[in-house]
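Working notes, beginning with the structure itself.
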Amino acid sequence: MFHRILIANRGEIAQRIIRTCREMGIETVAVYSQADADAIYLRQADETICIGPAPGAQSYLNIPSIIAAAEVADVEAIHPGYGFLAENAHFAEVCNTCKIQFIGPEPETIAALGDKARARAIAMEAKVPVVPGSDGPVESEDEAREAAQRIGYPIMIKAAAGGGGRGMRIARNEPNLKSGFHAAMAEAQAAFGDGRVYLEKFVENPRHIEFQILGDREGNVIHLGERDCSVQRRHQKLIEEAPSPSLTPRQRAKIGADAVKIAKAASYHNAGTVEFLLDGSGQHYFIEVNARIQVEHAVTELVTGLDLIEQQLRLASGEKLSLRQKDVDIRGHAIQCRINAEDPDHDFRPSPGLVDTFVPPGGPGVRVDTHGYSGYRIPPNYDSMVAKLLVHRPNREGAIQGMLRALDEFVIEGVKTTIPLQRRILNHPDFRMGRHDTGFVERYLAGAVSRDQE
Ligand code: MV4
């Protein structure tokens with residue numbers, strides 16, 4: 001096992017990684033930008049190094065700065081957390097070159113899965129259902145039109161280098177496809193430096209189900225069940241839960257086995273997530289793989305009793321998987337609310353600044369992963385998540401009840417947060433019955449706006 005690692009991230013995930021390292025006797029080196037000099041995770045690390053000015057590009061995304069810090073601090077490995085450099089194949093490659101273990105999959109795997117058209121091809125090769133679509137990227141308007149004819153409208157145009165909802169467009173007919181194809185290509189080129197796009201049949205109002213997987217270097221792969229992330233607004237997840245209220249045990253076993261097939265086909269080592277869409281008839285379709293630990297990993301920790309950061313460290317240091325599929329036991333129900341500092345009255349724009357009072361809830365089955373405290377100033381430079389509030393209970397009804405109580409108890413003064421919206425969603429009959437899909441929040445908010453205007 002490693003003796004000393006560097007954490008190339010900030011906020012709650014930096015703190016989360018430090019916690020596991022301390023329990024495992026691993027020394028931690030935390031890096032920070034000038035905007036994070038008063039961050040709480042810096043007090044919990046064994047060593048801290050400033051890596052640059054506030055903008056991410058000059059600090060948490062600055063590969064030479066981070067590698068220099070790792071060399072100076074003499075670490076054996078780097079944990080990238082989520083976001084920033086977590087899925088940057090070039091960074092993983094530089095770590096290898098410098099004889100620093102990147103805590104994640106190999107650069108080749110990150111690169112293969114980062115190309116969403118290639119990931120689709122890997123899934124097809126593994127005989128896992130994908131959404132009907134183009135055979136790889138479409139190179140011209142004519143090729144796009146012919147593929148769309150074959151697939152049938154509506155069509156979704158997706159950037160090969162995209163993912164997570166970035167660079168997507170819906171075309172409901174041929175004129176739409178023509179304009180959408182050129183717009184999506186230009187957007188993808190500008191955003192990712194890679195203008196390649198591919199087509200998929202547009203699945204209307206799907207549910208979003210993702211399977212947590214773990215793989216070791218001997219090729220053993222298991223899944224830890226799913227998370228249902230259907231409560232989203234503009235591709236920002238608001239509420240995540242496990243298990244999904246819309247999967248039967250049979251479906252869970254089938255889709256989980258498909259997630260494992262994809263991971264094996266991609267030689268996936270370490271922790272990752274395989275994303276699927278579930279349509280109204282219960283059919284699942286692979287969409288993409290996230291080659292990192294995710295924000296919502298703790299939902300899986302609560303229902304499995306595992307520490308996923310510990311699993312990542314063990315797998316990255318070369319250990320074999322310590323459990324088999326039959327050892328994975330999903331117990332009870334867990335829900336997470338991402339508490340973002342955003343202003344619901346102004347289109348959820350970020351609401352950074354001074355948090356005067358910050359009193360997190362507690363009690364049975366309540367977990368709060370946060371870097372917030374009374375007097376903390378949320379910098380405007382990074383994402384606006386201030387806390388992850390999780391509740392674990394024997395069943396879904398109990399978890400919702402506990403979450404409503406915990407949201408009520410949470411005191412955050414000085415900044416606006418998403419808490420009022422999350423309370424309303426948890427009280428909504430469709431959510432209560434588990435009947436919501438990915439269009440739920442936007443339909444509900446549109447309804448609320450039109451009512452207000454009456
Ligand atoms: C889709 C889709 C419908 N059909 N692909 C959005 C995030 C990215 N990971 C994939 N996404 C979608 N892909 C096809 N062929 C609908 C979405 C989608 C969505 C997916 C998950 C959660 C919320 C969503 C909201 C809008 C669209």
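One-based numbering, in listed order, for ligands and for the atoms of each.
Counted within 6.0 Å of CZ on R150, heavy atoms from surrounding residues, nucleotides or ligands total more than 12; the atom is thus considered enclosed.
R396 forms a cation-pi arrangement with F431, by the criterion of a distance under 6.0 Å to the ring centre and an angle within 45° of the ring axis.
Atom CZ of R233 and atom OH of Y444 lie 13.5 Å apart (nearest 0.5 Å). Considering CD1 of I400 and CG of L426, their distance stands at 6.5 Å, rounded to 0.5 Å.
No side-chain donor-acceptor contact under 3.5 Å links E275 to the backbone of E288. A donor-acceptor pair under 3.5 Å links the side-chain atoms of T438 to the main chain of P206, judged by distance alone. The main-chain N or O of R172 is found under 3.5 Å from a side-chain atom of N176 such that the two form a donor-acceptor pair.
Taking every non-hydrogen atom of H208 and a distance limit under 4.0 Å, the qualifying atoms of ligand 1 come out as 21 (C), 22 (C). Numbered from 1 in the order shown, with element, the atoms of ligand 1 that lie under 4.0 Å from a heavy atom of E200 read 5 (N), 14 (C), 15 (N). Short contacts between ligand 1 and L277, defined as distances under 4.0 Å to a heavy atom of the residue, involve ligand atoms 1 (C), 2 (C), 3 (C), 4 (N), 5 (N), 14 (C), 20 (C). Per-residue contacts place I287 under 4.0 angstrom from the following atoms of ligand 1 (heavy atoms of the residue considered): 9 (N), 10 (C). Atom numbering of ligand 1 starts at 1 in the shown order; those under 4.0 Å from a heavy atom of E275 are 9 (N). Using a 4.0 Å cut-off to heavy atoms of V131, the atoms of ligand 1 that qualify are 15 (N). Distances below 4.0 Å separate heavy atoms of E288 from the following atoms of ligand 1: 8 (C), 9 (N). Near M156, the atoms of ligand 1 lying under 4.0 angstrom from a non-hydrogen atom of the residue are 1 (C), 2 (C), 3 (C), 4 (N), 5 (N), 13 (N), 14 (C).
In summary, the side chains of H297 and Q212 do not present any donor paired with an acceptor at a separation below 3.5 Å, with no hydrogens or angles considered. Of the N and O atoms on the side chains of T273 and R227, at least one donor lies less than 3.5 Å from an acceptor on the other residue.
For ligand 1, one of its N or O atoms has an N or O atom of V203 under 3.5 Å away. At least one N or O atom of K201, backbone or side chain, sits closer than 3.5 Å to an N or O atom of ligand 1.
For atom 7 (C) of ligand 1, the nearest non-hydrogen atom of the protein is G165 N, 3.4 Å. For atom 24 (C) of ligand 1, the nearest non-hydrogen atom of the protein is T438 CB, 3.7 Å.
Within the structure, ligand 1 has K158 among the residues with a heavy atom less than 4.0 angstrom away. Ligand 1 is approached by M168 to a heavy-atom distance shorter than 4.0 Å.
When each of Q312, R314, R217, R292 is tested with N270 by the rule side chain to side chain donor-acceptor pair (under 3.5 Å), just one qualifies, namely Q312.
Taking all heavy atoms of H235, Q236, E210 into account, the minimum distance to atom 18 (C) of ligand 1 is reached by H235.
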